[in-house]
A.B. asks: 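Structure provided below as structure tokens; questions to follow.
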Amino acid sequence: LEFSVDRKVFRVQPVIYMDEGPRRIIEEMEIQGLPEGSVGSAEAEDLAYLLRKSKSFNAIQADEKLKALLQKLRQEGYLDALGVVEWDAPTKSVRVIITPGPRYKIEDAIVRGLIRTKLPVIRKQFRFSQGEYFSQEKINDTTAEILRLGLARSIDIQVFEKDPTNERVYLLIEITEAARFRFEVG
């Protein structure tokens, strides 16, 4: 810490020098627990590239890449996915431990809020089906398809209940119907 003095305006300004500390160079890296289908994903590759051998370890960037990978796993149906990045100073190694948990399948979707619209009209727009793996992309597509009909003002699709023992998930779809117009002739 130093101080600089500006004598013309009688101002003292502190000057702070910061050191990042000793560089931590990675000599070994390992990712554990990544599900088979996610090994070559862009998010997994980004994390592996960041933590490659002879690169300086940056915990903040590693956590950001891990969060992106966990988000991708959750979108693929691993709704309970957790992970941690560990630095081992004596061996200069980084270990990423991922606990994906079960991959959930959709058991059923409960639709609430319909007043005038018939349930089969809405169910035809589902881009997912019972028994297939949960996919956030298909949930988003379903929302877009229902809104495209013009019958709904808003839609909220969320996980209502998870059954980890049977690896099943129940969805709740809340729909607020749009106003409809009535014309009279005569």
Side-chain angles (χ1 to χ4, degrees), residues 26 28-52 57-88 91 93-114 117-149 152-177:
I26 299 169
E28 190 177 323
M29 187 275 294
E30 178 183 17
I31 298 178
Q32 298 176 348
L34 194 60
E36 193 66 34
S38 301
V39 171
S41 71
E43 292 79 7
E45 294 294 323
D46 286 349
L47 181 62
Y49 183 76
L50 177 71
L51 301 175
R52 67 189 183 279
F57 176 68
N58 183 325
I60 295 171
Q61 288 180 346
D63 282 341
E64 288 174 3
K65 297 293 183 186
L66 178 62
K67 284 180 187 175
L69 177 58
L70 292 175
Q71 183 65 28
K72 177 72 173 170
L73 288 173
R74 290 181 187 119
Q75 290 174 352
E76 293 175 349
Y78 296 98
L79 301 176
D80 300 330
L82 299 172
V84 65
V85 177
E86 295 179 346
W87 168 257
D88 186 24
T91 62
S93 64
V94 176
R95 202 168 62 175
V96 180
I97 302 169
I98 296 173
T99 310
R103 187 171 186 194
Y104 289 94
K105 290 184 178 181
I106 297 172
E107 180 65 26
D108 198 8
I110 301 163
V111 180
R112 271 191 352 193
L114 296 179
T117 307
K118 302 292 183 202
L119 184 59
V121 173
I122 299 298
R123 284 202 179 266
K124 279 184 186 176
Q125 306 308 313
F126 287 2
R127 296 297 171 245
F128 57 84
S129 58
Q130 183 178 1
E132 74 178 23
Y133 288 114
F134 177 90
S135 166
Q136 188 62 47
E137 183 178 339
K138 289 186 178 184
I139 299 297
N140 295 343
D141 290 346
T142 298
T143 301
E145 290 296 321
I146 294 172
L147 286 172
R148 203 170 285 130
L149 288 175
R153 186 176 60 195
S154 69
I155 300 169
D156 182 30
I157 301 178
Q158 52 187 282
V159 174
F160 178 64
E161 185 178 335
K162 292 187 293 186
D163 182 6
T165 56
N166 296 321
E167 299 179 358
R168 300 289 179 174
V169 68
Y170 297 86
L171 301 176
L172 176 62
I173 303 172
E174 293 195 59
I175 298 176
T176 305
E177 289 186 315

A.B. asks: I need the minimum non-hydrogen distance between I26 and F57, along with the two atoms involved.
C.D. replies: CG1-CB, 3.9 Å
A.B. asks: Nearest heavy-atom pair of Y78 and P35: which atoms, and what distance?
C.D. replies: OH-CB, 3.4 Å
A.B. asks: If you define the side chain from C-beta out and look only at heavy atoms, does anything of I173 sit under 4.5 Å from D156?
C.D. replies: no
A.B. asks: So which atom in R103 and which in Y133 form the shortest heavy-atom distance, rounded to 0.1 Å?
C.D. replies: CG-CD2, 3.4 Å
A.B. asks: Any heavy-atom pair between the side chains of I97 and E86 that's under 4.5 Å?
C.D. replies: yes
A.B. asks: Any side-chain heavy atom of S93 sitting closer than 4.5 Å to one from W87?
C.D. replies: no
A.B. asks: Of V111, L171, I157, I139, which meets side-chain contact (heavy atoms from CB on, under 4.5 Å) against F126?
C.D. replies: V111
A.B. asks: Test side chain to side chain contact (heavy atoms under 4.5 Å, CB included) on Q125 and T142; report intermediate values, then the result.
C.D. replies: CA-CA 6 Å; Q125 306 308 313; T142 298; 5.5 Å; no
A.B. asks: Decide, yes or no, whether a salt bridge links D80 with K162 under the criterion of side-chain N to carboxylate O below 4.0 Å.
C.D. replies: yes
A.B. asks: What pair of heavy atoms forms the shortest contact from R168 to G131, and how long is it?
C.D. replies: NH1-CA, 3.8 Å
A.B. asks: Let me confirm one number: the CZ-OG distance from R123 to S129, rounded to the nearest 0.5 Å.
C.D. replies: 11.5 Å
A.B. asks: Can you spot which of L82, L51, V85 makes a side-chain contact (heavy atoms from CB on, under 4.5 Å) with L66?
C.D. replies: V85
A.B. asks: How far does CG of L147 sit from OG of S154, to the nearest 0.5 angstrom?
C.D. replies: 8.0 Å
A.B. asks: For the atom pair CG (L70) and CG (L47), what is the distance rounded to the nearest 0.5 Å?
C.D. replies: 9.0 Å
A.B. asks: Does atom CZ of R112 have more than 12 heavy-atom neighbours, drawn from other residues, nucleotides or ligands, at distances under 6.0 Å?
C.D. replies: no
A.B. asks: Run the numbers on S38 and L73 for side chain to side chain contact (heavy atoms under 4.5 Å, CB included), then give the verdict.
C.D. replies: CA-CA 8 Å; S38 301; L73 288 173; 3.3 Å; yes
A.B. asks: For a side-chain hydrogen bond (donor to acceptor under 3.5 Å, both in side chains) check, start with the C-alpha distance between E28 and T91, then their side-chain angles and the critical distance, and finish with the verdict.
C.D. replies: CA-CA 8 Å; E28 190 177 323; T91 62; over 6 Å; no
A.B. asks: Please report the shortest heavy-atom distance between E43 and L69, naming the atom on each side.
C.D. replies: CB-CA, 3.8 Å
A.B. asks: If you measure from the Lys or Arg side-chain nitrogens to the Asp or Glu carboxylate oxygens, is any gap between E30 and R95 under 4.0 Å?
C.D. replies: no
A.B. asks: Do the side-chain N and O atoms of D63 and Q61 include a donor-acceptor pair separated by under 3.5 angstrom?
C.D. replies: no
A.B. asks: Where do Y170 and V159 land on the side chain to side chain contact (heavy atoms under 4.5 Å, CB included) test, with the steps shown first?
C.D. replies: CA-CA 6 Å; Y170 297 86; V159 174; over 6 Å; no
A.B. asks: Say you draw a straight line from CD1 of I155 to CD of E177; how long is it, rounded to the nearest 0.5 Å?
C.D. replies: 10.5 Å
A.B. asks: Between I175 and A152, what is the shortest heavy-atom contact and its length?
C.D. replies: CG2-CB, 3.6 Å
A.B. asks: Any side-chain heavy-atom pair from Q158 and E174 closer than 4.5 angstrom?
C.D. replies: yes
A.B. asks: What distance separates N58 CG from L50 CG, expressed to the nearest 0.5 Å?
C.D. replies: 7.0 Å
A.B. asks: Would you give the length of the straight line joining atom NZ of K67 to atom NZ of K65, rounded to the nearest 0.5 angstrom?
C.D. replies: 13.0 Å
A.B. asks: Applying salt bridge (charged side-chain N to carboxylate O under 4.0 Å, His left out), which residue pairs with at least one partner in residues 135-149 are found, sequence neighbours left out?
C.D. replies: R127-E145, E132-K138, E145-R148
A.B. asks: Apply side chain to side chain contact (heavy atoms under 4.5 Å, CB included) to residues F134 and Q136 and explain how you reach the verdict.
C.D. replies: CA-CA 7 Å; F134 177 90; Q136 188 62 47; 3.6 Å; yes
